[in-house]
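Take this structure first; my questions come after.
Predicted model only: the values in this text are computed from it and were never measured. Counting starts at 1 for both ligands and their atoms, following the listed order. Just so it is clear, the values below take in all heavy atoms, side chains as well, and ignore hydrogens, waters and symmetry mates.
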Amino acid sequence: MKSLVMFDMDGVLFDSMPYHASSWHRAMADFGLDLPEAEAFMHEGRTGKGTINIVTQRQLGRAADDAECQRIYERKSQYFNQFPKPQRMPGAIEAVQAVRECGITPIIVTGSGQLSLLERIEQNFPGLFRHEWMVCAKDVKFGKPNPEPYLMGLKKAGVTCDQAIVVENAPLGIEAGHAAGCFVVAVNTGPLPDKVLLDSGADILFHSMAELSQHIKPLLTASE
Ligand code: MG
């Protein structure tokens, strides 16, 4: 029997990844750097600085300094904010409700640091998440694939890794959940092949949050 489900946010609860990928691509291009949109999905979960350095190392043979990182990241945020507010992922509310129906606590573990985060979550998932145990950008030093965000979630909730399930859409997030010792459910809501998510350490894979909502209860109540 599990007692905690840690949901990633972008690409799991909100259909925001296409906006992030496009914003990354356009911001990089403005600075003469090339990050194809498809590749941006591979970097999901990394810190902004981490993503920028991968591209500058590859193209310029050096890391970006702090001022460059700030300029590029600000541009990326500008582009992202020009998009409409991301919609709730279809099936996500049913999935979170299914967790609640099992008497299990759902929390959010995200690298996002958007100021309006809590408000947006409450608008879209009213009363469903336990906010005191939420983990966001300000709580952690390292981005995914470091297990820190998920370890922090376990710590806040006061449970051990064998009592928790992670729900993730991104390879680096799956790696982080796996490294934290949790059972990891992959939901492939993006353009990457299933194999990439499975090779990152996913224990099971679904193709939508709707599919996950149909199958999550047995995973939560199994007594291993
Ligand atoms: Mg994600």
Any chain of hydrophobic side-chain contacts (each under 4.5 Å) joining Val5 to Met1?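 The answer is yes; both residues are in one hydrophobic cluster.
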SB check Glu175 Lys144 (cutoff 4.0 Å):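 Between Lys144 and Glu175 there is no salt bridge, as every charged N stays at least 4.0 Å from the carboxylate O atoms.
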Is the distance from the Mg ion (ligand 1) to the nearest N/O/S atom of Asn169 under 2.8 Å?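 Looking at Asn169, which is the residue asked about, there is an N, O or S atom under 2.8 Å from the Mg ion (ligand 1).
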The Mg ion (ligand 1) to nearest N/O/S of Glu168 less than 2.8 Å: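 No N, O or S atom of Glu168 is closer than 2.8 Å to the Mg ion (ligand 1), so no.
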Salt bridge or not between Arg26 and Glu37? Use side-chain N to carboxylate O under 4.0 Å.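 Judged by the 4.0 Å cut-off on N to carboxylate O distance, Arg26 and Glu37 do not form a salt bridge.
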Among the N, O or S atoms of Asp8, the one nearest the Mg ion (ligand 1):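 Going by distance to the Mg ion (ligand 1), the closest N, O or S atom in Asp8 is OD2.
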Flag the pair Val196 / Phe41 as yes when at least one side-chain heavy-atom distance between them is below 4.5 Å, and no otherwise.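 Contact flag for Val196/Phe41 side chains = no.
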Opening angle between O in Asp10 and OE2 in Glu44, taken at the Mg ion (ligand 1), to 10 degrees: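 Rounding to the nearest 10 degrees gives 90°.
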